Engineer: 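Just passing along the structure, written as structure tokens.
All figures in this text were calculated on a predicted structure; none of them were measured in a lab. Both ligands and their constituent atoms are indexed starting at 1 by order of listing. Heavy-atom basis, side chains included; hydrogens, waters and symmetry copies ignored.
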Amino acid sequence: MKEIQMVDLQSQYKHIRRKIRKRVKNVIKHSAFINGDETRIFQQNLAHYLGIHHVIPCANGTEALQIALMALPLEEGDEVIIPAFTFISAAETASLLGLKPVFVDIDPQTFVMDPKRVEQAITCKTKVIIPTHLFGQCVDMGAIMEIAEKYKLYIVEDACQSLGADYILREGSGQLQMGPFTYDYRCTDKGIRKKAGTIGHIGCTSFFPSKNLGCYGDGGAIFTDDDDLAARMRQLANHGSTKRYNHRCIGLNSRLDSVQAAVLNVKLPYLDYYNRKRQEAAAFYDRAFISCMQLKVPVRCQYSTHIFHQYCLLCRSERERNALRFHLENMGVPTRVYYPKPLHLQEAFAYLGHKAGDFPVSEDICKRIIAIPMHTELSAKQLRYISSAILDFFD
Ligand SMILES: *Cc1c(COP(=O)(O)O)cnc(C)c1O
């Protein structure tokens with residue numbers, strides 16, 4: 001059996017090697033490494049896939065969030081609501097821009113931002129909410145958009161882990177009012193859907209190699225249906241300029257280079273297939289662990305598909321989780337903890353004055369969660385091996 005990895009990018013590459021080589025070679029041949037055709041084509045391809053007007057490619061997911069926040073009419077000290085349980089990027093960029101990250105606790109079932117907590121955290125300084133569609137499943141965006149409309153807030157979606165996931169609005173067709181937006185929908189047999197990251201004012205994603213759509217280096221993108229925001233974000237990503245050597249505002253150098261765009265142009269048509277492979281592996285795990293009393297399998301909410309950027313199990317205690325990790329390591333099964341520490345207890349945010357106990361759900365989940373191997377190349381044999389290694393521990 002092949003060595004088990006958390007993510008197996010090499011095996012994935014083997015299936016698309018010829019296409020990748022041809023396309024990357026072509027970039028080198030033409031030497032348009034920055035702002036070349038591949039990048040322009042990728043914008044169009046991704047916009048089409050997402051069903052959105054504007055896609056602005058940029059250097060990585062963190063800068064996507066930064067550019068999104070820079071594009072909004074915000075002032076120093078304005079508050080940005082962010083889940084306490086996620087990767088640091090959103091809170092980090094808010095902080096860098098002189099905004100105040102305001103953390104909220106998560107839903108213990110789905111691990112994503114709890115809309116009830118969001119409403120409780122709103123003050124007269126709140127301007128933005130950044131819901132993270134964590135592990136590949138959407139936040140309850142219907143509830144978030146209602147809050148956005150009620151309090152006139154901007155929504156910037158962190159879709160770094162959920163590219164291709166569907167938010168399911170409802171069954172039926174026609175026009176739908178959600179928050180400040182009116183949507184026309186074509187109905188599918190599985191209800192009305194929107195892609196994660198296309199529901200709020202701005203969506204952000206990352207093409208970090210291990211993401212569901214990963215390139216071979218750093219990459220990111222921002223999406224919006226708003227023409228003005230799109231123009232502003234395009235300018236911000238390009239040194240605050242629309243015309244060469246003419247800078248209208250302070251921006252940054254944030255680009256997706258042509259080699260990465262070429263890789264993404266090859267991989268984007270596989271994204272749905274890749275996500276399906278992840279869902280199949282998740283279904284296998286579910287069946288294996290559903291009757292194991294010591295473990296809780298990931299909960300699927302009805303308003304979202306789950307594309308399993310991570311497959312995270314919940315143990316009964318921190319001690320049991322750590323012992324399980326040790327046992328699996330000895331069996332050749334790698335595991336990770338996403339995330340071992342909530343944001344409010346990170347040293348970097350000590351200046352906000354939080355203490356243990358402030359966000360009890362996030363703190364509890366950090367102690368008990370464990371991510372097991374999840375990628376597009378898991379064989380039936382590997383899945384069987386991983387599952388029995390886990391069940392053996394509890395026998
Ligand atoms: C990966 C990730 C980011 C950051 O993306 P980079 O491209 O690494 O900067 C931000 N938020 C979440 C939730 C992520 O998973």
Engineer: List the atom of C301, the atom of T110, and the distance in Å for their closest heavy-atom pair.
Structural biologist: CB-CG2, 4.2 Å
Engineer: Pairwise, report which nitrogen or oxygen atoms of ligand 1 are under 3.5 angstrom from protein nitrogen or oxygen atoms, and how far apart they are.
Structural biologist:
from	atom 1	to	atom 2	distance (Å)
ligand 1	5 (O)	S206	OG	3.3
ligand 1	7 (O)	G61	N	2.7
ligand 1	7 (O)	S206	OG	2.7
ligand 1	9 (O)	G61	N	3.3
ligand 1	9 (O)	T62	N	2.9
ligand 1	9 (O)	T62	OG1	2.5
ligand 1	11 (N)	D158	OD1	3.4
ligand 1	11 (N)	D158	OD2	2.8
ligand 1	15 (O)	Q161	NE2	2.8
ligand 1	15 (O)	K211	NZ	2.7

Engineer: Looking only at the side chains, is there a donor atom on one of Y339 and S362 sitting less than 3.5 Å from an acceptor on the other?
Structural biologist: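 Their side chains do not contain a donor-acceptor pair, so the 3.5 Å distance test is not met.
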Engineer: Any chance CZ of F326 has more than 12 other-residue heavy atoms, nucleotides or ligands included, within less than 6.0 Å?
Structural biologist: no
Engineer: Show your working on salt bridge (charged side-chain N to carboxylate O under 4.0 Å, His left out) between D37 and R40 and close with a plain yes or no.
Structural biologist: CA-CA 5 Å; D37 282 348; R40 192 178 39 76; 3.1 Å; yes
Engineer: Which heavy atom of L153 sits nearest a heavy atom of H201, and at what distance?
Structural biologist: O-CE1, 3.4 Å
Engineer: Testing F207, Y270, Y49 for side chain to side chain contact (heavy atoms under 4.5 Å, CB included) with L213, which one passes?
Structural biologist: F207
